[in-house]
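Below is one structure, written out as structure tokens, with a few remarks after it.
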Amino acid sequence: MAGRAPSTSSAARWWLVVLVAGYLLIELVGGAPDSPLVPALPAEVRVPGWTARGARVLGFDRLGRRGLTALALVLVAAVVCAFLLLAREAWRGRVRVAPVLVAGIVALALSVAGPLLLSRDVYSYAAYGRMFALHHANPYSTPPAAFPADPFTRVLSPQWVDARSVYGPAFTLVSAGIGRLFRASPAATIQAFKLLSALALAGATLLAAAACRKMRPDRTALTVALIALNPVLMLHTVGGGHSDALAALLLAGALWCVSRPVTGSGGAMGRSERFGLEAPALSATVLLALASSIKVALVVGLVVWLWVTLRRAGRGPWLVAGAAHLGLAVAAGAAVAAPLWAGRETFGSLETLGSLEGWASGVRLVARGSEAVARAVAGRSAEAMADHLTRAVFYVVFAAAVVWMLERARPPSIGHAFGASLLLLALAIPILLPWYSAWFILFLPFLSDDVILWAGVGVGALLALTGIPAEPAGTPALWRDMVLFVHYAVAPLMLGLLAVVVIRVFTRTELAPLSLPPSLATSLRSTDDVSPR
């Protein structure tokens with residue numbers, strides 16, 4: 001990779017302009033009547049006036065739903081291409097941080113000021129939060145259908161009206177706070193979730209960039225670009241007000257904590273630092289536990305962190321370090337779960353979560369094929385078994401790849417461990433939604449394998465192109481075509497990217513760590529003198 005250039009290249013400047021202009025136009029498409037980007041809104045909620053006026057000025061209001069769908073797809077494809085070209089310039093060291101950061105702030109502001117995009121999940125957030133804060137019901141034991149008069153229950157997706165919460169207790173408490181604060185205004189409630197998502201993503205950008213300056217300074221601009229200007233995060237995660245942005249903030253906070261130098265008196269490492277009991281490491285454990293309390297699947301990140309930490313602590317003190325870190329993680333999880341505890345029913349949401357499926361998932365594609373074969377051979381009674389076996393195979397491959405990476409290869413940097421394991425997780429589960437990209441994108445610049453890095457970028461780019469139109473109302477044929485495209489075009493590519501990542505993990509056993517946090521590097525000097533690649 002080329003060295004860092006003294007200034008931002010002219011090509012990168014053009015891509016920045018195209019990205020910001022593209023995001024503006026997409027928000028204006030969202031302001032047009034019957035926009036394919038905007039889900040059904042509560043009765044008293046309207047799209048922001050500036051987007052509606054802009055859509056009229058540009059004539060978007062005369063295109064109709066089919067025309068708007070075509071325009072939206074072209075615009076999203078354009079910003080995805082511009083983003084990939086900008087990321088390439090940043091990867092080559094031809095972009096400075098400042099212009100990317102400014103463009104990212106503008107893009108985030110546009111997303112917050114624009115209409116809700118591409119998902120009704122924010123209605124579920126609001127419904128569950130209002131149930132706890134206003135209706136004094138536990139969303140882990142009571143479905144939204146119990147409150148049919150609530151303005152958000154009326155606009156929930158049909159499959160979620162009778163479903164108990166599948167979201168972590170930490171985010172449910174956040175949702176309850178927003179529901180109580182904006183109880184009189186559904187529009188303000190929606191806007192609050194979008195603002196929270198934007199602020200969380202901005203915070204994740206700054207924390208990840210700060211960590212990158214210490215651990216991989218040549219990729220700081222790439223870090224900012226991948227997070228703050230990524231179409232899948234901008235349009236789906238922030239545009240839809242998703243909780244995954246808040247999880248990304250906590251993940252970035254954990255990464256920043258372990259990037260901080262820790263020394264004892266006189267610059268020498270103290271006993272607690274050698275044993276992995278320094279304050280930044282313990283803080284990282286708490287932040288990862290809280291991230292898991294927002295999205296349960298992110299417990300994988302916590303497990304990876306505990307594995308790496310205990311391995312570095314050495315044979316002698318690993319019990320002490322393990323007890324301290326595990327105790328903090330359990331305490332943090334229990335603290336946020338206690339107000340919502342509903343006995344055995346609390347875990348019922350995990351059963352629902354385990355049954356969810358997504359059309360973009362390569363796992364789901366293979367499962368459908370195995371179900372068809374099982375049905376032809378043994379009848380419909382064998383379908384469920386084929387589905388379970390398919391999922392189990394992918395889970396085993398995921399676990400084996402992560403264990404191999406952590407144990408058989410040279411100890412990777414924690415950024416590499418997080419990034420590779422969470423990317424593998426997203427690709428190995430049967431539901432893959434665009435906003436799940438927030439789990440791994442912030443770690444991509446820390447990967448010591450550029451093939452895996454670009455595989456992760458590709459996953460986000462493909463997911464950014466999905467979900468248009470947002471729902472079938474009005475144009476069921478367009479919705480069907482989108483689902484077929486996602487399942488038979490995007491899902492096979494996801495399967496291929498999973499294969500690429502798994503192969504790279506198993507074949508590159510000499511991965512060297514990047515610049516390690518000083519508090520951890522000292523303990524490895526005696527066993528790992530390989531320079532960063």
Side-chain angles (χ1 to χ4, degrees), residues 5 7-31 37 50-51 54-55 58 60 71-115 117-118 194 197-202 204-206 208-209 219-240 242 245 248 434-435 437-438 441-442 444-445 453-454 456-468:
S7 62
T8 302
S9 68
S10 58
R13 294 193 193 99
W14 275 109
W15 304 136
L16 288 169
V17 171
V18 170
L19 277 168
V20 173
Y23 288 136
L24 172 60
L25 290 173
I26 289 170
E27 297 297 335
L28 296 181
V29 171
L37 298 178
W50 71 271
T51 62
L58 295 177
F60 293 169
L71 177 60
L73 288 170
V74 169
L75 289 173
V76 173
V79 297
V80 167
C81 290
F83 166 75
L84 292 175
L85 292 168
L86 175 68
R88 185 184 65 173
E89 290 293 289
W91 177 70
R92 291 177 172 177
R94 299 174 180 172
V95 181
R96 283 193 180 278
V97 173
V100 180
L101 190 59
V102 170
I105 292 171
V106 173
L108 282 170
L110 287 171
S111 187
V112 172
L117 299 179
L118 299 170
K194 290 190 65 181
S197 182
L199 291 175
L201 196 66
T205 302
L206 296 176
R219 288 187 172 177
T220 305
L222 178 62
T223 300
V224 176
L226 288 183
I227 305 173
L229 283 171
N230 201 314
V232 71
L233 300 181
M234 197 62 55
L235 301 177
H236 290 272
T237 305
V238 178
H242 285 281
W435 36 95
S437 300
I441 279 177
L442 68 94
L444 295 182
L453 185 159
W454 285 105
V457 173
V459 171
L462 287 170
L463 290 174
L465 297 170
T466 66
I468 302 171

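Here the shortest heavy-atom pairing between V95 and A12 reads CG2-CB, 3.6 Å. The shortest heavy-atom contact between V79 and P231 is O-CG, 3.8 Å. Closest of all the heavy-atom pairs between L108 and L201 is CD2-CD2, 4.0 Å. The two residues V238 and S111 come nearest to each other via the heavy atoms CG1-OG, 3.3 Å. Here the closest heavy-atom approach between residue L118 and residue L235 is recorded as CD1-O, 4.1 Å. A107 approaches Y23 most closely through the heavy-atom pair CB-CD1, 3.7 Å.
Taking the side chain as every heavy atom from C-beta outward, L16 and L229 approach each other to under 4.5 Å. The shortest side-chain heavy-atom distance between I468 and L37 falls under the 4.5 Å cut-off. In this structure the side chain of S437 never reaches within 4.5 angstrom of the side chain of N230, judged on heavy atoms.
Going from atom OG1 of T220 over to atom CG of L101 covers 11.5 Å, rounded to the nearest 0.5 Å. Atom CD1 in I26 sits 8.5 Å away from atom CG in L117 (nearest 0.5 Å).
Of the possible donor and acceptor atoms, none in the side chain of H242 sits under 3.5 Å from a partner among the backbone N and O of S197.
Each of R94, R96, R92, E89 was compared with S9 under the side chain to side chain donor-acceptor pair (under 3.5 Å) criterion, and only E89 meets it. Considering T51, L75, V76 in turn, L75 is the only one that fulfils the side-chain contact (heavy atoms from CB on, under 4.5 Å) rule with V29.
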| said: Quick one, T237 with V232, criterion side chain to side chain contact (heavy atoms under 4.5 Å, CB included). Give me CA distance, side-chain angles, the key distance, then yes/no. | reply: CA-CA 7 Å; T237 305; V232 71; 5.6 Å; no
request  = Please lay out, stage by stage, how I441 and L444 fare under the test side chain to side chain contact (heavy atoms under 4.5 Å, CB included).
outcome  = CA-CA 5 Å; I441 279 177; L444 295 182; 4.3 Å; yes
Original post:
Are W435 and L463 close enough, and set up right, to give a side chain to side chain contact (heavy atoms under 4.5 Å, CB included), and what steps lead you there?
Top reply: CA-CA 8 Å; W435 36 95; L463 290 174; over 6 Å; no
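Between W454 and W91, the ring-plane angle classifies as perpendicular under the 30° and 60° cut-offs.
Legend: residues meeting side chain to side chain contact (heavy atoms under 4.5 Å, CB included) with L85, ordered by chain and number and at least two apart, are W15, R88. Qualifying side chain to side chain contact (heavy atoms under 4.5 Å, CB included) partners for W14, counting only residues two or more places apart in sequence or in other chains: none.
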